[in-house]
Amino acid sequence: LWYLAPGKVLLDAVCNHLNLVEGDYFGLEFPDHKKITVGDVRPKHVVVKFVVKFFPPDHTQLQEELTRYLFALQVKQDLAQGRLTCNDTSAALLISHIVQSEIGDFDEASDREHLAKNKYIPQQDALEDKIVEFHHNHIGQTPAESDFQLLEIARRLEMYGIRLHPAKDREGTKINLAVANTGILVFQGFTKINAFNWAKVRKLSFKRKRFLIKLRPDVNSSYQDTLEFLMASRDFCKSFWKICVEHHAFFRLFEEPKPKPKPVLFSRGSSFRFSGRTQKQVLDFVREGGHKKVPFERKHSKIHSIRSLATEPTEPNSEVPKQAQPSASLTLGEGAESPGSGQSCQQGEDLSGATQERSPALQRSPAAAAVAVAAAGSKDADRAVKAVMEEEEEVVKDRTQQSRPQPQQPSTGSQTGSPHLSELSINSQGGAAPTNAILSPNLSPDTKQASPLVSPLLNDQAGPRTDDEDDGRRKRFPTDKAYFIAKEVSTTERTYLKDLEVITSWFQSAVSKEDSMPETLRSLIFPNFEPLHKFHTNFLKEIEQRLALWEGRSNAHIRGDFYQRIGDVMLKNIQGMKQLAAHLWKHSEALEALETSIRGSRRLESLCRDFELQKVCYLPLNTFLLRPLHRLMHYKQVLERLCKHHPPSHADFRDCRAALAEITEMVAQLHGTMIKMENFQKLHELKKDLIGVDNLVIPGREFIRLGSLSKLSGKGLQQRMFFLFNDVLLYTSRGLTASNQFKVHGQLPLYGMTMEESEDEWGVPHCLTLRGQRQSIIVAASSRSEMEKWVEDIQMAIDLAEKSSDPAPEFLASSPPDNKSPEEAAVDQESEDDLSASRTSLERQAPHRGNTMVHVCWHRNTSVSMVDFSVAVENQLSGNLLRKFKNSNGWQKLWVVFTNFCLFFYKSPQDNHPLASLPLLGYSLTVPSEAEDIHKDYVFKLHFKSHVYYFRAESEYTFERWMEVIRSATSSASRAHVLSHKESHVY
């Protein structure tokens with residue numbers, strides 16, 4: 001009999017009927033406020049509602065389209081009932097995505113007719129024009145993408161998923177309690193006034209109608225040890241306590257908690273425990289493919305999802321459930337508990353000990369604003385399992401099935417019109433990728449890689465993060481510096497894996513579609529990268545497992561716990577890396593072979609050029625080929641910091657020291673190859689930025705510095721781009737062409753050159769005269785410090801040229817006259833017509849290279865040396881930061897990657913390409929002053945002209961690390977620094 005079965009049987013039947021794989025996020029809800037259980041009345045009098053029970057911190061963790069669809073139905077329902085409160089703009093944007101999902105592309109007449117028949121929100125008429133305007137921007141968006149965008153916007157609203165439970169504090173003030181994936185929230189009305197993160201909570205309990213929260217000791221907190229709230233009755237109090245216990249277990253534990261042992265004589269307190277899979281188990285199950293993929297088709301929408309167009313028609317029982325009306329309260333699993341009726345003793349759930357092991361999924365995800373229970377139901381499930389489900393409102397009535405051609409891949413573009421990011425770019429090559437460019441075969445929302453069409457991350461008005469959540473997030477971590485060093489290994493390893501995937505997945509996929517790469521080159525590149533990707537995937541998993549244990553046992557260092565260490569994991573895997581040394585040795589050969597093949601094949605050159613325009617290739621392609629060599633240096637730096645931090649008596653010191661010895665040996669073996677390849681890669685990169693160069697890359701040539709200087713001519717001082725090598729100095733002007741390349745105007749061989757300051761002679765600040773054997777020029781730097789950098793490097797280059805005793809080779813397509821006197825050269829008339837005179841190599845070059853380091857130096861009127869590039873290779877960093885604009889109030893959580901003198905911003909570490917980038921050359925790095933009213937810890941400020949950004953780190957260590965690496969990009973290193981650990985190598 002159904003009314004005798006536990007609620008879980010009914011829930012499982014509903015999920016099976018719907019083919020719902022991620023059913024663990026859902027539950028059944030009783031609308032009766034008196035907490036009547038199924039066994040007390042006849043089934044026909046019971047209304048059971050199928051609801052969203054657990055809201056994950058990030059909707060991208062929902063990996064099935066059906067799951068996201070049900071969540072979208074919940075958002076729609078909450079809007080209609082006034083639970084999801086928001087401003088008019090957000091409401092209109094949400095409804096526009098709902099309309100796009102239901103009727104398809106924009107048509108004003110159809111839109112207004114549809115909105116007249118369907119009410120998605122109270123007072124909808126006032127928003128109709130705004131809804132129609134927003135809907136116009138969604139043309140081409142599929143229902144799956146609309147659901148994705150809907151959840152992206154909704155999850156940032158403070159009342160998203162919130163179910164308020166009335167209570168009073170000790171003073172009798174009326175408040176509301178709610179529970180979230182992050183912890184317990186306190187509201188006054190609809191305003192959140194406090195939050196208690198799970199990391200702060202030691203124990204939750206209830207005694208009669210008093211709800212008790214016991215906090216962990218915190219010397220910095222003004223709260224009492226135990227907080228007490230008074231609820232309406234014991235049943236209400238007990239119900240909320242159960243919800244809290246379930247949320248804690250689902251989001252924080254690795255595995256389902258074991259049942260409490262039954263007492264021999266009599267029991268004290270509740271035996272209730274969470275039953276079911278945790279979020280970690282659900283994510284692992286879906287990712288590992290432990291389920292049968294069942295196509296999902298939307299029966300009510302006028303347009304079909306991507307998946308339904310690509311598959312056979314679904315079976316009748318796969319119909320999507322219709323929407324139900326949720327109740328305001330929640331009653332869950334009452335039949336699963338052994339009640340302790342008549343007991344007056346304190347009943348509680350201890351959150352210490354093993355229950356503090358938290359899921360890595362939660363660690364990697366941004367904290368949601370709120371969590372409670374939401375609703376979406378199924379009329380068909382009622383017929384299948386005898387549960388009474390309410391029918392959907394008139395919203396979906398009389399809709400006709402209409403199919404239209406859909407692209408096989410959703411758009412992956414992001415809006416970049418934010419005024420705050422006016423100088424940022426979407427990819428490293430300047431400008432967005434072509435609108436018809438296909439970035440990946442797997443970028444649909446169903447594979448959780450769909451980029452938002454309107455990204456709230458790039459808008460300072462979207463998604464502010466509350467201070468309570470930020471503080472709780474930061475304080476839950478261990479305080480040991482070694483923990484944050486270990487965490488840096490994890491975050492940078494994530495970025496390294498993504499960089500490897502650029503070669504092993506994205507580039508290999510592009511190559512497989514074109515028969516333009518020789519088989520010998522393929523066999524040299526991909527078989528030597530794939531073993532590294534496999535190895536480091538396992539390495540990252542081990543690191544994250546160790547960090548999870550470390551975080552989950554916050555007082556383990558007092559007991560000398562085994563898990564408060566990382567050296568053993570590093571030692572084991574570095575020893576494993578030595579087995580892959582043969583592959584590492586091949587990477588330099590692969591880089592040389594690739595460039596050689598590009599020179600000999602127009603088709604391969606075109607393939608690589610087009611691939612570099614894709615957003616996933618956020619750095620020059622050949623840079624990714626050197627990433628494995630760079631990564632070895634990062635491991636060495638991390639281990640040096642660990643050995644310096646640990647005293648010799650520390651349990652982890654011996655393993656760290658052994659691992660450091662192993663990695664130092666590997667770096668020493670590959671050091672010469674690394675320097676040689678960095679120079680080789682830089683020469684080829686510069687070749688793409690220059691017009692008129694025949695043989696820039698020749699044996700023996702080394703790059704030294706590039707940058708902007710003013711050259712004195714008959715027109716006065718004119719900005720020119722200079723390129724200094726160990727044998728020649730080039731000066732160029734920026735081409736007025738689509739490619740934005742630099743045309744070479746002249747070369748000055750360094751053999752026999754002299755240099756002198758001539759500020760007084762010409763009356764120009766920071767002025768130099770460079771006298772060659774056949775030509776002289778007068779140049780001026782933008783500042784004294786810039787001039788000193790050029791003087792130091794030019795003098796060093798002259799000394800190198802003298803030692804070589806070989807004149808510079810002629811490598812310009814057409815050399816300028818070289819028999820001028822110094823005075824004639826000083827007033828040299830350079831016609832702008834020359835900018836497009838030489839097209840010998842322009843036609844073969846990339847269509848646009850507007851954001852390379854050369855262009856950044858041009859726009860910022862600065863310079864950068866090979867020393868700086870070498871230091872930048874060593875100073876790479878990844879991790880979460882909170883960002884705030886100058887005139888905004890909210891902090892936005894972003895995944896940030898620092899590399900190549902640039903900050904790259906991602907929504908999450910799982911994203912395949914950055915949303916935007918911020919070149920740092922020319923920026924100043926400081927900490928906010930008191931006048932700036934930034935009353936937060938670990939905040940640093942980046943400032944260039946009118947552009948101001950604030951970034952907030954999670955700890956003192958991470959703050960210092962970000963300051964250290966960013967400072968390396970905003971201030972040039974001295975040559976003595978690099979010569980102390982690098983020798984000059986030629987190839």
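Remember, predicted model here, so these are calculated numbers, not experimental data.
A 4.5 Å side-chain heavy-atom check between Phe905 and Pro914 finds every atom pair outside the cut-off. Contact of the Phe611 side chain with the Val502 side chain is registered, since non-hydrogen atoms from C-beta on lie closer than 4.5 Å. Counting only heavy atoms from C-beta outward, the side chains of Val21 and Phe285 approach each other to under 4.5 Å. In this structure the side chain of Asp911 never reaches within 4.5 angstrom of the side chain of Trp895, judged on heavy atoms. Two residues are said to be in side-chain contact when any heavy atoms from C-beta on lie closer than 4.5 Å; Leu62 and Pro56 meet this criterion. Contact annotation: the side chain of Asn137 never approaches that of Phe106 to less than 4.5 Å [non-hydrogen atoms, C-beta and beyond]. Inter-residue side-chain proximity for Leu94 and Leu157 is flagged as met; some heavy-atom pair is nearer than 4.5 Å. Residues Cys617 and Phe507 have side chains not in contact (no heavy-atom distance under 4.5 Å, counting atoms from C-beta outward).
Across all their heavy atoms, Ile95 and Leu115 have their closest contact at CG2-CD2, 4.3 Å. Looking at every heavy atom in both residues, Gln61 comes nearest to Glu22 through O-OE2, 3.8 Å. Listed here is the closest heavy atom pair of Ala510 and Leu607: O-CD1, 3.8 Å. Closest heavy-atom contact between Ala154 and Tyr160: O-CB, 3.2 Å. Lys130 and Ala92 get closest at one heavy-atom pair: CG-CB, 3.7 Å. When all heavy atoms are compared, the tightest approach of Leu127 to Ala91 is CD1-CB, 4.0 Å.
Applying the side-chain hydrogen bond (donor to acceptor under 3.5 Å, both in side chains) rule to Gln124 yields no partners; only residues at least two apart in sequence or on another chain are considered. Every residue two or more places apart in sequence or in another chain was checked for a ring pair (Phe, Tyr, Trp, His ring centres under 6.0 Å) with Tyr950, and none qualifies. The ring pair (Phe, Tyr, Trp, His ring centres under 6.0 Å) test applied to Tyr25 returns Phe250, not counting sequence neighbours. Under the side chain to side chain contact (heavy atoms under 4.5 Å, CB included) criterion, Glu113 pairs with Lys117, sequence neighbours left out. Listed by chain and number, the residues in a salt bridge (charged side-chain N to carboxylate O under 4.0 Å, His left out) with Glu108 are Arg112 (sequence neighbours excluded). The side-chain hydrogen bond (donor to acceptor under 3.5 Å, both in side chains) check on Asn176 picks up nothing, with sequence neighbours excluded.
One finds the OG1 atom of Thr60 at 10.5 Å from the CG atom of Leu151 (value rounded to the nearest 0.5 Å). The NE2 atom of His136 sits 16.0 Å away from atom CD1 of Ile131, with the distance rounded to the nearest 0.5 Å. In this structure, CG on Leu70 lies 10.5 Å from CD on Glu65, to the nearest 0.5 angstrom. Between atom NZ of residue Lys49 and atom CG of residue Leu28 there is a gap of 12.5 Å, rounded to the nearest 0.5 Å. Taking NZ from Lys893 and CZ from Arg883, the interatomic distance works out to 14.5 Å, rounded to the nearest 0.5 Å. Note that the CG atom of Leu918 and the NE2 atom of His947 stand 9.0 Å from one another [nearest 0.5 Å].
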message: Apply side chain to side chain contact (heavy atoms under 4.5 Å, CB included) to residues Ile98 and Leu150 and explain how you reach the verdict.
response: CA-CA 7 Å; Ile98 296 174; Leu150 183 74; 3.9 Å; yes
Trace of the salt bridge (Lys or Arg N to Asp or Glu O under 4.0 Å) decision for Lys53 with Asp24: CA-CA 8 Å; Lys53 186 176 181 180; Asp24 304 79; over 6 Å; no
- prompt: Under the side chain to side chain contact (heavy atoms under 4.5 Å, CB included) criterion, do Glu128 and Asp111 qualify, and how do the steps go?
  reply: CA-CA 9 Å; Glu128 185 172 311; Asp111 279 15; over 6 Å; no
task: Assess whether side chain to side chain contact (heavy atoms under 4.5 Å, CB included) is satisfied between Leu79 and Tyr120, documenting all intermediate values.
output: CA-CA 7 Å; Leu79 273 174; Tyr120 297 102; 5.7 Å; no
- request: List the steps and the verdict of side chain to side chain contact (heavy atoms under 4.5 Å, CB included) for Asn912 and Tyr906.
  value: CA-CA 9 Å; Asn912 288 317; Tyr906 299 75; over 6 Å; no
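By the 30° and 60° cut-offs, the orientation of the rings of His247 relative to Phe54 is perpendicular.
Between the side chain of Gln100 and the main chain of Ser146, no donor-acceptor pair closer than 3.5 Å is present. Put simply, the side chain of Ser509 never gets that close to the backbone of Trp506: no donor and acceptor are under 3.5 Å apart.
Ring centroid separation for the pair Phe26 and Phe71 comes in under the 6.0 Å cut-off. Checked against the 6.0 Å centroid criterion, the rings of His59 and Phe148 qualify as a close aromatic pair.
Using modelled atom types and a 3.5 Å distance limit, the side chains of Gln141 and His97 yield a donor-acceptor pair.
Between Lys498 and Glu501, at least one side-chain nitrogen of the basic residue sits less than 4.0 Å from a carboxylate oxygen of the acidic one, meeting the salt-bridge criterion. Residues Arg163 and Asp78 are paired through a salt bridge, judged by an N-O separation under 4.0 Å between the basic side chain and the carboxylate.
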